[in-house]
Amino acid sequence: MEPERFYIETHGCQMNLYDSQFIAEVLARAGSQPAERPGDASVILVNTCSVRERAERKAISRLREFAALRKRNPSLVIGVVGCMAQRLGSRLAERESGIDLVAGFDAYHTLPDLIRGARLRRPVVATVAEPRALYSLRPAEQTTVTAFVTIMQGCDNFCSYCIVPYVRGRERSKPHGDILDEVRRLVSRGTKEVTLIGQNVNSYSDGEVDFARLLELANDIEGLERIRFTTSHPKDLTVGIVERIRDLPRVCEHLHLPLQSGSDRMLALMNRGYAASDYAKIVRFARHTIPALAVTTDIMVGFPTEAEADFEGTLRMLDELRFDAAFMFRYSPREGTQAENLGDDVPLETKTRRLNAAIALQNRITDEKKSALLGKQVEVLIERESGKEQAFMLGRTRENWLAKIPREGVRKGETVVADVISATRWMLCCDHSSRKVGA
Ligand code: SAM
Ligand code: SF4
């Protein structure tokens, strides 16, 4: 019999990217092989995101496109995993006739059996009310220069707009020994940089080790060059964590610290647990402690009842705190969250106008920050060849700026000192520097 050939399309955040790798590992262990294209696959899995409605709509349209492939391949199994699978369960299979399999987070270990079941009697739905699974990856022989390592799953914060605690379940931390083993295995196969990921990594605790200590333990791993982490929650960021960024040489000088809004009224309604002035104090302290620190954030506009004055508070914070970059979103109501009861009273045109104004302000600040780097030297960890420009390699600076550098004389996985010669909004254009790392 032909081996199963699987194709996984991943939507959403880094947690989903990690989960997709885990699913690929489970399927490969059961004898399946990855397919290059959906048209070559006998199983297509879409790993979905539910954070905003738009992400869900996109997943549905992709699932419909994949269902059309059945004309040529009637035995094709199409499955949904991730947040939408967990959130909608059997409702999803009832609504979309092209779906054969819906598998929530706790069903990933059993996907090979579920796929076999879906072939016999479609559709198969496997979700539990509250996911508890924690998974660790066994890195492949050939790994990438940079890798994500999930250190915790779920979230207990219940920000009023957010679906994550409902779909990913209660916060749970992986034992630190498992995390460090995973990082060591990655490093032994060539990974130079790990990003420790979770919904709120600052509250990591396995009962023995907290996040600051985990950073110290990871920093001791021989051969690992860089450690990043995301996402930090302002209410849980401690002085100890900031000091670890300053003191531990492998921990990069970058903090992703979602603000959401500059209005105290909005922050309270969002259940964020801090006021705008608390947030500003944290950022000032962190920058004072680590002068080279890059700070990025998430901003949401159009949360229920957001008035012009609230939004102006957000613009003021962007202006005053001068983030290096920001992800910006229009509020999207999510079924079952507390904010759903507040209605969705900010009209779409107003949300869009506010989003565009916030983006324009942030773009100006990001451009200014990039221009200030011209003529400076940065350390770039070379990650890969540039897909578009043969003559260049791509990498990132410690502050997480994307950078390109002429490929001659540089190797993947190497850290080089580079001179910044020009910059676009998305990229630093660099040249080789005569200085060496550590010199
Ligand atoms: N745990 C992380 C945090 O607290 O930032 C990540 C959560 S979420 C996947 C990433 C961002 O999506 C949030 O910071 C928020 O700005 C945005 N987001 C979450 N729920 C949203 C919603 N209902 N509508 C619009 N944006 C949302
Ligand atoms: Fe959602 Fe808030 Fe948890 Fe982030 S911290 S995942 S925004 S509930």
Side-chain angles (χ1 to χ4, degrees), residues 11-17 49-55 83 148 152 155-165 167-168 195-203 228-237 241 254-276 278-280 282-283 286-287 293-304 306 310-311 313-334 337 339 346 351-352 354-363 365-366 369 399-401 425-426:
H11 298 207
C13 65
Q14 295 140 337
M15 310 282 295
N16 271 6
L17 284 171
C49 169
S50 286
V51 170
R52 284 165 289 274
E53 198 203 338
R54 205 163 133 165
C83 294
F148 294 123
M152 61 206 295
C155 183
D156 283 349
N157 287 312
F158 288 94
C159 299
S160 65
Y161 50 80
C162 186
I163 195 76
V164 169
V167 291
R168 285 197 175 262
T195 304
L196 307 177
I197 56 172
Q199 297 298 346
N200 176 8
V201 290
N202 300 155
S203 68
R228 300 186 187 280
F229 56 88
T230 196
T231 299
S232 289
H233 194 301
K235 75 176 170 52
D236 295 314
L237 184 69
I241 294 172
H254 173 220
L255 197 55
H256 183 66
L257 196 65
L259 165 65
Q260 310 302 354
S261 170
S263 152
D264 287 347
R265 194 176 68 84
M266 290 293 102
L267 289 170
L269 278 177
M270 289 175 171
N271 194 26
R272 287 291 290 176
Y274 54 85
D278 303 326
Y279 183 97
I282 296 167
V283 170
R287 282 187 170 145
L293 187 72
V295 184
T296 55
T297 198
D298 290 351
I299 295 290
M300 193 190 304
V301 300
F303 186 76
E306 185 188 64
D310 297 308
F311 175 60
T314 301
L315 290 181
R316 230 179 359 260
M317 288 288 275
L318 290 176
D319 207 28
E320 279 172 27
L321 293 176
R322 294 180 57 79
F323 296 105
D324 294 81
F327 297 104
M328 314 246 190
F329 309 102
R330 278 183 295 236
Y331 169 68
S332 166
R334 305 282 60 213
T337 59
V346 180
K351 283 183 187 168
T352 304
R354 290 179 186 165
L355 181 69
N356 289 339
I359 290 174
L361 171 57
Q362 183 57 48
N363 281 348
I365 295 166
T366 299
K369 294 236 169 188
E399 303 76 21
N400 211 28
W401 297 114
R425 186 164 298 147
W426 311 117

Within the side chain of [X], is there an N or O that forms a donor-acceptor pair under 3.5 Å with the backbone of [Y]?
X	Y	answer
N200	N157	no
D298	L257	no
K369	A325	no
T314	G262	yes
R334	S50	yes

Query raised in the report: With sequence neighbours left out, what residues match F303 under ring pair (Phe, Tyr, Trp, His ring centres under 6.0 Å)?
Result: Y331

Between [X] and [Y], what is the shortest heavy-atom contact and its length?
X	Y	answer
V167	C83	CG1-O, 3.7 Å
I365	L318	CD1-O, 3.4 Å
A276	L267	N-CD1, 3.5 Å
K235	G273	CB-O, 4.0 Å
T337	C162	CG2-O, 3.4 Å

What's the spacing between [X] [atom1] and [Y] [atom2] if we round to 0.5 Å?
X	Y	atom1	atom2	result
L269	C159	CG	SG	12.5 Å
Q260	M328	CD	CE	11.5 Å
R322	T366	CZ	OG1	9.0 Å
N16	F148	CG	CZ	11.5 Å
T230	R228	OG1	CZ	10.5 Å
I163	C49	CD1	SG	10.5 Å

Query raised in the report: Are E306 and K351 within salt-bridge range, i.e. N to O under 4.0 Å?
Result: no

If you define the side chain from C-beta out and look only at heavy atoms, does anything of [X] sit under 4.5 Å from [Y]?
X	Y	value
M152	Q199	no
L259	M317	yes
F229	I197	no
L321	Y279	yes
P234	R272	yes
R354	V346	yes

Requested in this report: Can you sort out the partners of D324 under side chain to side chain donor-acceptor pair (under 3.5 Å), two or more places apart, ordered by chain and number?
Outcome: none

Requested in this report: Report the residues that fulfil side chain to side chain donor-acceptor pair (under 3.5 Å) with T296, sequence neighbours left out, ordered by chain and then residue number.
Outcome: H254, H256

Query raised in the report: Got a sec: does the CZ of F327 have more than 12 other heavy atoms crowding it under 6.0 Å?
Result: no

Query raised in the report: Should the pair Y274 and H233 be assigned to parallel (<30°), tilted (30 to 60°) or perpendicular (>60°) ring geometry?
Result: perpendicular

Query raised in the report: Can R52 be said to sit on top of F329's aromatic six-ring, NZ or CZ under 6.0 Å from centre and within 45° of the ring axis?
Result: yes

Report task. For side-chain contact (heavy atoms from CB on, under 4.5 Å), just list the numbers for L255 and L237, CA-CA rounded to whole Å, side-chain angles, deciding distance to a tenth of an Å, and then say yes or no. Result -> CA-CA 10 Å; L255 197 55; L237 184 69; 3.7 Å; yes

Report task. Establish, from distance only, whether the side-chain atoms of R54 and S332 form a donor-acceptor pair under 3.5 Å. Result -> no

Query raised in the report: Just checking, is any N or O donor in the side chain of N202 or S232 under 3.5 Å from an acceptor N or O on the other one?
Result: yes

